[in-house]
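In listed order, ligands and their atoms are each counted from 1.
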Amino acid sequence: MEIIEVLQEASRRVYDKVKHLAGTADAAGDFGRGAGGDISRNIDITAEKTVLDYLEEINFECVVLGEECGRVELSSSPNEKKGYLIMDAIDGSANAVRGIPFFCCSLAFSTDYKLSSITDAAITDLSTGDIYWASKGKGSFFNQQKIKVHTENPIYRIVGVNTSGASSELMKKLQPIFEKHNHTRHLGANALEMAMFSKGLLDIFIDLRGKIRIQDIAAGYLIVKEAGGLLLNENLEPLDSDLSYKTRLSFVASANKKMLEQVFSEIE
Ligand code: IPD
Ligand code: CA
C-alpha cells in the first residue's frame with residue numbers, strides 16, 4: 001500500500017466517524033489540554049483515535065506527531081528510522097464543535113524532521129468527504145482531478161487573511177488589505193484554506209500572526225507547493241521549519257510572484 005493511500009483511507013475513516021458528530025453537544029466534551037496547547041474536544045479525540053487505530057490495524061510503522069496525543073511511536077524497533085506522520089485530525093475545531101461546515105482532517109508524512117521532507121499529504125473536507133492530496137513530484141489533486149493554483153488575472157481578487165487572535169499592531173499593518181480592492185476571507189481552518197487556495201479558489205492566503213502550529217500546515221505545505229503555489233515565511237523567503245511542538249510560524253501562500261507583489265505593495 002502506498003503511503004498516500006494510507007493517509008487517504010485514514011481520512012475516510014475520520015469522515016465516517018465524525019460526520020454526524022459536528023455541531024452536536026457531544027462534539028464539545030472537554031479532555032484537557034492536548035500536546036498542541038489547546039483544549040482537546042471529544043471530536044478531536046475521536047478523530048485522532050480513528051487514525052491511530054487504523055495505523056495500528058495495518059501495522060504502519062512511524063512516529064505520529066498528533067496535535068492532541070503528542071508524539072506516539074508506532075514501531076516495533078524504535079531505533080529504526082520510519083518517518084513521521086503529522087496529524088491534525090480536526091483542523092478548524094471551533095467550527096466543528098459549533099457546526100459551521102468548514103473543518104477538515106489534515107495528515108502528512110515526512111521522511112525527516114522538517115517540513116521540506118514531507119512526501120505525502122491529504123486534507124479531507126469533513127463536511128463533504130472531498131479529499132485534497134499530493135505526493136511529492138506528482139502534483140496535487142482534488143479527489144481524482146489534478147489541481148493548480150489560480151494563475152490568471154482574477155475577476156474577484158480573493159485574499160484569505162487569518163486574523164484570529166491577531167495583535168492590534170498586525171491588524172494595523174494589514175488594514176490596507178481590507179480597505180483596498182480585495183475580497184478578504186477568513187474561514188477558520190488553515191489547512192482547508194490552504195487546500196482551497198491550491199485549487200485556485202483563493203489568490204493569496206496570509207497568516208502573519210506567528211501562531212500557526214506544524215500540525216495545522218504540514219499537509220497544506222505539500223499540497224500548495226505541488227499545485228504550483230509559492231509558500232513563504234514572514235520575510236518572504238521559502239518556508240521551511242523543524243517539526244517541533246514548540247514551533248510557531250507565519251506564512252504566505254501566493255498563486256505567483258505578481259500576486260504577492262500586488263498585495264504586499266499595499267502594506268509595505
Ligand atoms: C486552528 C485553525 C485556525 C487557526 C488556528 C489553528 P485547530 O487549528 O487552523 O484557522 O486560526 O491558529 O489553531 O486548533 O482547529 O486545529
Ligand atoms: Ca486540531
Side-chain angles (χ1 to χ4, degrees), residues 10-11 14-15 17-18 21-23 27-52 64-72 85-108 115 121-127 132 159-167 170-171 174 184-198 201-202 205-221 223-224 231 234 239 241 243-253:
S11 339
V14 170
Y15 174 61
K17 199 84 187 179
V18 309
L21 190 56
D30 183 338
F31 281 75
R33 282 198 193 279
D38 289 347
I39 302 287
S40 301
R41 298 293 168 184
N42 187 29
I43 195 164
D44 299 312
I45 301 293
T46 304
E48 273 204 345
K49 186 172 180 316
T50 304
V51 176
L52 289 168
V64 177
L65 301 175
E67 190 169 283
E68 321 300 331
C69 64
R71 183 185 171 109
V72 179
L85 195 143
I86 309 150
M87 163 169 71
D88 189 2
I90 303 284
D91 182 59
S93 299
N95 284 349
V97 167
R98 293 298 306 274
I100 297 171
F102 196 88
F103 55 100
C104 64
C105 173
S106 169
L107 302 175
L115 283 178
I123 294 176
T124 302
D125 182 332
L126 294 175
S127 304
Y132 300 79
V159 176
V161 191
N162 193 330
T163 54
S164 188
S167 65
L170 178 60
M171 290 308 284
L174 296 177
T184 50
R185 298 288 182 271
H186 175 196
L187 304 170
N190 260 26
L192 194 51
E193 286 160 289
M194 291 171 90
M196 287 185 167
F197 161 81
S198 305
L201 306 186
L202 282 73
F205 183 75
I206 301 167
D207 184 352
L208 295 178
R209 300 168 303 149
K211 284 178 190 261
I212 208 72
R213 289 172 293 234
I214 293 302
Q215 278 73 16
D216 298 313
I217 63 159
Y221 174 92
I223 295 174
V224 164
L231 196 52
E234 64 276 28
L239 181 72
S241 152
L243 304 181
S244 164
Y245 279 92
K246 293 196 181 114
T247 300
R248 294 289 184 273
L249 299 171
S250 283
F251 74 95
V252 178

(message) Tell me whether ligand 1 is touched by Glu67 - counting only heavy atoms on the residue side and a distance under 4.0 Å.
(response) yes
(message) Does any part of the side chain of Arg213, heavy atoms only, come nearer than 4.5 Å to the side chain of Asp38, both counted from C-beta?
(response) yes
(message) With a 4.5 Å cut-off on side-chain heavy atoms, are Val161 and His186 touching?
(response) no
(message) Any N/O/S atom, side chain or main chain, of Ile90 closer to the Ca ion (ligand 2) than 3.0 Å?
(response) yes
(message) At a threshold of 3.0 Å, where the distance has to be below it, does the Ca ion (ligand 2) have an N, O or S atom of Asp88 nearby?
(response) yes
(message) Let me check your reading of the structure: within less than 3.0 Å of the Ca ion (ligand 2), is there an N/O/S atom from Glu67?
(response) yes
(message) Heavy-atom distances under 4.0 Å decide this one: backbone, side chain, both or neither, for Asp207 against ligand 1?
(response) neither
(request) Measure the shortest side-chain to side-chain distance between Tyr132 and Leu192 over non-hydrogen atoms and say whether it is less than 4.5 angstrom. (result) yes
(request) May I ask whether Gln215 places a heavy atom under 4.0 Å from ligand 1? (result) no
(message) Please give me the minimum heavy-atom distance between Val224 and Met194, naming the atom from each residue.
(response) CG2-O, 3.8 Å
(request) Looking only at distances, please establish whether an N/O atom of ligand 1 is found under 3.5 Å from an N/O atom of Ile212. (result) no
(message) Looking at every heavy atom in both Ala89 and Asp44, which two are closest together, and how far apart are they?
(response) CB-O, 4.4 Å
(request) Please answer whether the main-chain N or O of Gly220 pairs with a side-chain N or O of Asn190 as donor and acceptor at a distance below 3.5 Å. (result) no
(message) With heavy-atom distances below 4.0 Å as the criterion, list the atoms of ligand 1 near Asn190.
(response) 2 (C), 9 (O), 10 (O)
(request) Please tell me if the side chains of Cys69 and Leu52 come closer than 4.5 Å, counting only heavy atoms from C-beta onward. (result) yes
(request) Measure from the side-chain N and O atoms of Glu234 to the backbone N and O of Gly210, and report whether any donor-acceptor pair falls under 3.5 Å. (result) no
(request) Examine ligand 1 and decide if any of its atoms is less than 4.0 Å from a heavy atom belonging to Ile90. (result) yes
(request) Could you tell me whether some N/O pair between Gly188 and ligand 1 is separated by less than 3.5 angstrom? (result) yes
(message) What I'd like to find out is whether the side chain of Leu249 reaches to under 4.5 Å of the side chain of Ile214, using heavy atoms alone.
(response) yes
(request) Would you check if Asp30 and Arg41 make a side-chain contact, meaning some heavy-atom pair closer than 4.5 Å? (result) yes
(message) Can you confirm whether Asp216 sits close enough to Glu67 that some side-chain heavy atom of one is under 4.5 Å from a side-chain heavy atom of the other?
(response) yes
(request) Would you mind finding which of Arg41, Arg213, Met194 brings a heavy atom closest to atom 13 (O) of ligand 1? (result) Arg213
(message) I want to know if ligand 1 touches His186 in the polar sense, i.e. an N/O pair below 3.5 angstrom.
(response) no
(message) I need the Leu21 CG to Leu126 CG distance, nearest 0.5 Å.
(response) 11.0 Å
(message) Suppose we measure from atom 11 (O) of ligand 1 to each protein heavy atom; which comes out shortest, and what is that distance?
(response) Asn162 ND2, 2.9 Å
(request) Report the part of Ala191 in contact with ligand 1, treating N, CA, C, O as backbone and CB onward as side chain, heavy atoms under 4.0 Å; options are side chain, backbone, both, neither. (result) neither
(message) Within the 4.0 Å heavy-atom shell around Ser93, which atoms of ligand 1 are there?
(response) 15 (O)
(request) Would you indicate whether the side-chain heavy atoms of Phe103 and Val97 approach each other to under 4.5 Å? (result) no
(message) I'd like to check which ligand 1 atoms, numbered from 1 as shown, lie under 4.0 Å from a non-hydrogen atom of Asp88.
(response) 16 (O)
(message) Would Ser164 count as a polar contact of ligand 1, with the cut-off being nitrogen or oxygen pairs under 3.5 Å?
(response) no
(request) State whether the shortest distance between N or O atoms of Glu193 and N or O atoms of ligand 1 falls below 3.5 angstrom. (result) no
(request) Name the closest protein heavy atom to atom 2 (C) of ligand 1, giving the residue it belongs to and the distance to 0.1 Å. (result) Asp91 OD1, 3.5 Å
(request) With heavy atoms of Asp38 as the reference, note each atom of ligand 1 found under 4.0 Å away. (result) 14 (O)
(message) Among all protein heavy atoms in this structure, tell me which lies nearest to atom 6 (C) of ligand 1, with the distance rounded to 0.1 Å.
(response) Asp216 OD2, 3.8 Å
(request) Could you check atom 5 (C) of ligand 1 against the protein and tell me its nearest heavy-atom contact, residue, atom and distance included? (result) Arg209 NH2, 4.0 Å
